Amino acid sequence: MNEENLLKPLGITLSGGGSRAAAFHLGVLSYLDRTGLISRLKMLSTVSGGSFTGAKYALSLAEKKDFQTFFREYYEDLKTIELIKLGFDCLAKGEITPPSGRKDLIIAFAQVYADTFLKNKDGDPALFETILNSETQLEEIIFNTTEFRNGIDFRFQKSKSPGARIGNNKMSIPRKAAGSIRLADIVAASSCVTGGFEPIAFPDDFIWPDGKIPPPIRDKFLKDNQPWPVALMDGGIYDNQGVTSLMLANERNEDELGLVIISDVSQISDDYLPFPNKKTEGLLTLNSLNIFSFVLMAVCALTVLSAGYKMWEEIVADNFKFFWDFFMYLIPFLLAGLTAGSIFSIRRFIRKNIFSHIPQIGKVVWQDLKHLKLKQIVDMIDMRTKSLFTLTNSIFMDRIRSLVYDMIYKDKTYVGKRISNLIYNLKSNEPFYKKLANMPGIKKPSPALYRVTDIAADMPTELWFDSDYKQPCLVACGQATLCYNLMKYLVRTYGKDPSAYSAPVRNLWDQTTADWNKMVEDPYALLRERLPDETFPQPPKSGT
């Protein structure tokens with residue numbers, strides 16, 4: 001393999017995965033900076049949680065901040081910003097109104113991003129133009145989303161190539177007008193997870209500097225002179241690793257990438273949907289529930305009549321005492337009436353809006369269904385819901401992931417130029433690379449390192465850290481995993497004899513092996529060097 005690959009431009013993709021992705025990728029970038037490889041970073045493609053870190057890093061570069069300043073600021077942001085609380089507070093206040101007039105959760109979260117970690121030096125929301133017009137080492141920056149009109153990728157990107165569209169081949173945005181898009185809205189669109197958020201409409205749900213959609217953008221999204229926005233959601237729906245966008249960027253550039261790092265926090269599972277073995281049918285049937293609801297409605301109706309009659313007698317006799325009789329007659333009257341009305345409405349809704357839309361569900365099928373136990377119905381609905389969620393969020397995502405990896409690993413352009421940096425590479429149940437294990441001076445992972453990497457790899461996809469040790473675990477895992485995979489890459493590519501390596505390769509080998517042995521002894525070693533004044537909680541020995 002060409003040893004000059006390490007001296008050529010570098011590309012990296014930052015996958016989705018919520019706060020797990022944001023912190024892990026921060027560790028990956030910090031290790032690239034430690035080795036000096038980050039100076040060759042020319043292309044960046046991000047998705048969902050990876051867009052948090054990628055956007056913050058690209059903004060810091062555009063504002064001429066050094067890496068250590070970026071690292072310290074962003075680490076503190078991840079640690080202190082309570083996204084969930086601030087997001088719901090913003091939604092409740094309802095002060096942010098986009099051109100659409102909607103007050104959705106994703107719009108509120110976009111505002112939180114704009115008010116916290118995606119603001120410029122003056123404290124105002126950072127605009128896309130800050131990145132588009134910047135002269136930094138990053139020549140290609142792609143924030144990936146998925147648009148739901150055509151079901152394909154929708155890219156907010158900076159590129160030196162005139163053929164690179166902001167959008168896609170179905171709809172594109174003029175570059176100059178795109179500069180007025182808030183970076184926070186782009187990140188919100190890229191991380192708009194299905195199930196957690198509603199789609200965000202472009203351009204109608206975005207907040208614009210003067211409150212109005214720029215005409216060059218507005219005119220692209222009109223139909224019959226009426227707003228015709230496109231629904232944007234999580235970029236991970238189309239490609240959660242951001243690999244396809246990076247490959248397209250590499251194709252249109254003259255300076256071919258020498259190395260591609262796929263930083264991926266996707267999780268693996270031995271059993272996506274554990275099937276319940278125990279059957280508990282219960283006693284209550286649908287028919288008994290139907291009878292009970294009818295009886296309850298009748299009882300409530302009789303309560304309304306009796307309470308109303310008694311209250312009327314008291315009023316006619318001029319004996320009605322407001323405080324006492326209010327609770328004696330009026331409250332029961334209202335509660336019973338509300339209950340009876342609710343039951344009647346629910347029954348009517350089921351008959352007209354559910355049964356009528358299910359073929360042959362009429363009285364004939366009801367005669368069979370009514371004998372089913374209520375617990376059986378609940379279990380049937382539960383299994384359907386869980387299987388649908390598993391299908392869309394795990395099986396489909398893994399299938400797309402395998403296709404994406406298949407694409408880049410079968411492309412001869414990238415032979416000897418790719419590193420898959422997977423969050424689970426250092427899990428305690430994963431085998432340690434044999435060629436490294438047999439080389440002198442390379443320590444095997446310690447129990448302390450495994451505790452950190454296991455916690456990082458097993459953390460669910462969320463927008464928060466429910467324990468104070470999880471963030472440092474994820475950052476340290478990102479550092480250790482990339483260090484490990486760089487060592488593997490060097491041995492695979494240049495052989496098992498470091499004395500035969502060229503100077504640049506040998507320097508990288510010496511750096512990675514020294515760092516690796518440090519992290520085996522103390523998983524937080526590099527993190528402590530970055531933030532010497534910070535206290536890092538130790539992970540529990542029992543695991544997650």
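Residue numbers run from 1 in the order of the sequence given. Since this is a predicted model, take the numbers as computed values, not measurements.
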Is Lys160 atom NZ crowded by more than 12 heavy atoms from other residues, nucleotides or ligands, each under 6.0 Å away?
-> yes
If you measure from the Lys or Arg side-chain nitrogens to the Asp or Glu carboxylate oxygens, is any gap between Lys79 and Glu534 under 4.0 Å?
-> yes
Exercise: identify the closest heavy-atom pair between Lys42 and Gln137 = CD-O, 3.3 Å
Full working for side chain to side chain contact (heavy atoms under 4.5 Å, CB included) between Asp33 and Arg530 = CA-CA 11 Å; Asp33 178 69; Arg530 284 280 181 190; 2.7 Å; yes
Under 6.0 Å from the NZ atom of Lys212, do we count more than 12 heavy atoms belonging to anything else shown?
-> no
Within the distance-only criterion (no hydrogens, no angle test), does the side chain of Thr145 pair as donor or acceptor with the backbone N or O of Phe154 below 3.5 angstrom?
-> yes
Atom CD1 in Ile84, atom CZ in Phe109: separation rounded to 0.5 Å?
-> 4.0 Å
Would you check, one step at a time, whether the test side chain to side chain contact (heavy atoms under 4.5 Å, CB included) holds for Val187 with Lys56?
-> CA-CA 10 Å; Val187 171; Lys56 180 67 174 180; over 6 Å; no
Over 12 non-hydrogen atoms of neighbours within 6.0 angstrom of CZ in Arg399 | no
Should Phe52 and Leu118 count as side-chain neighbours, where that means a heavy-atom distance under 4.5 Å?
-> no
Could you walk me through whether Ser15 and Val47 pass side chain to side chain contact (heavy atoms under 4.5 Å, CB included), step by step?
-> CA-CA 5 Å; Ser15 76; Val47 183; 5.8 Å; no
Backbone N or O of Gly235 within a donor-acceptor pair of the Ser48 side chain at under 3.5 Å?
-> no
Glu147/Arg149 salt bridge by N-O under 4.0 Å criterion = no
Could you tell me whether the side chain of Phe24 reaches within less than 4.5 Å of the side chain of Asn421, counting heavy atoms only?
-> yes
Report yes or no: do Ser100 and Asp205 form a side-chain donor-acceptor pair below 3.5 Å?
-> yes
Please determine, by modelled atom types, if Ser30 and Gln479 share a side-chain donor-acceptor pair under 3.5 angstrom.
-> yes
Side chains of Cys90 and Ile96: does their closest heavy-atom pair fall under 4.5 Å?
-> yes
pair Ile12-Leu32: side-chain heavy atoms closer than 4.5 Å | yes
Does any N or O in the side chain of Thr481 come within less than 3.5 Å of the main-chain N or O of Gly478, such that one atom is a donor and the other an acceptor?
-> no
With the side chain counted from C-beta on, respond yes when Thr130 and Leu183 share a heavy-atom pair under 4.5 Å apart, and no when they do not.
-> no
Donor-acceptor contact present, side-chain Thr46 to main-chain Leu14, <3.5 Å = no
On a heavy-atom basis, the closest approach of Trp464 and Ser19 is O-OG, 3.2 Å
Any donor and acceptor pair, going by atom type alone, linking the side chain of Ser467 with main-chain N or O of Tyr469 inside 3.5 Å?
-> no
Indicate yes or no: at least one non-hydrogen side-chain atom of Tyr424 is less than 4.5 angstrom from one of Val265.
-> no
dist Asn425:CG -> Asn485:CG (nearest 0.5 Å) comes out at 4.5 Å
Tyr74 and Phe117 aromatic ring geometry - parallel, tilted or perpendicular at 30°/60° bounds = tilted
Partners meeting salt bridge (Lys or Arg N to Asp or Glu O under 4.0 Å) with Glu256 (sequence neighbours left out) = Lys417
Distance, nearest 0.5 Å, that separates CZ of Arg252 from CE of Met247 = 13.0 Å
Smallest heavy-atom separation, Gly196 atom then Leu105 atom, equals O-CD2, 3.9 Å
Pair Arg418 + Asp411, salt bridge at N-O below 4.0 Å = no
Over 12 foreign heavy atoms within 6.0 Å of CG, Asn429 = yes
Answer yes if the side chains of Asp77 and Thr116 hold a donor-acceptor pair under 3.5 Å, and no otherwise.
-> no
Leu257 versus Met43, closest heavy-atom pair with distance | CD1-SD, 3.7 Å
Do side-chain atoms of Ser39 reach the backbone of Gly36 as a donor and acceptor pair under 3.5 angstrom?
-> yes
Just checking, any donor-acceptor pair under 3.5 angstrom between side chains of Thr413 and Glu251?
-> no
Asp66 side chain to Thr69 backbone, donor-acceptor under 3.5 Å | yes
Distance-minimising heavy-atom pair for Pro229 and Pro227 | CD-C, 3.5 Å
So do the side chains of Lys158 and Leu132 get within less than 4.5 Å of each other, counting heavy atoms only?
-> yes
Pairwise distance OH(Tyr31) to SG(Cys483) - rounded to 0.5 angstrom | 3.5 Å
Side chains of Asp153 and Thr244, donor plus acceptor under 3.5 Å = no
For Asn240 and Gly236, the nearest pair of non-hydrogen atoms, with its separation, is OD1-CA, 3.3 Å
Taking Asp264 for the side chain and Ser266 for the main chain, is one N or O donor matched with an acceptor at less than 3.5 Å?
-> yes
What class does the angle between the rings of Phe71 and Tyr75 fall in, given that below 30° is parallel, 30 to 60° is tilted and above 60° is perpendicular?
-> parallel
How far does OG of Ser134 sit from CG of Leu59, to the nearest 0.5 angstrom?
-> 9.5 Å
Enumerate the residue pairs fulfilling salt bridge (charged side-chain N to carboxylate O under 4.0 Å, His left out) with a member in residues 220-240, sequence neighbours excluded, ordered by first and then second residue.
-> none
Criterion side chain to side chain contact (heavy atoms under 4.5 Å, CB included) on Leu474 and Ile423, from CA distance to verdict = CA-CA 9 Å; Leu474 284 160; Ile423 195 171; 4.1 Å; yes
Between the CG atom in Leu83 and the OH atom in Tyr113, the distance rounded to the nearest 0.5 Å is 6.0 Å
Donor + acceptor pair across side chains of Glu140, Ser159 (<3.5 Å) | yes
Okay, side chain of Arg40, backbone of Leu6: is any donor-acceptor separation there less than 3.5 Å?
-> yes
Would a 4.5 Å heavy-atom cut-off, applied to side chains only, mark Leu486 and Leu37 as touching?
-> yes
Sub-3.5 Å donor-acceptor pair from the side chain of Ser45 to the main-chain atoms of Gly242, do we have one?
-> yes
Is the shortest side-chain N to carboxylate O distance from Asp204 to Arg102 below 4.0 Å?
-> no
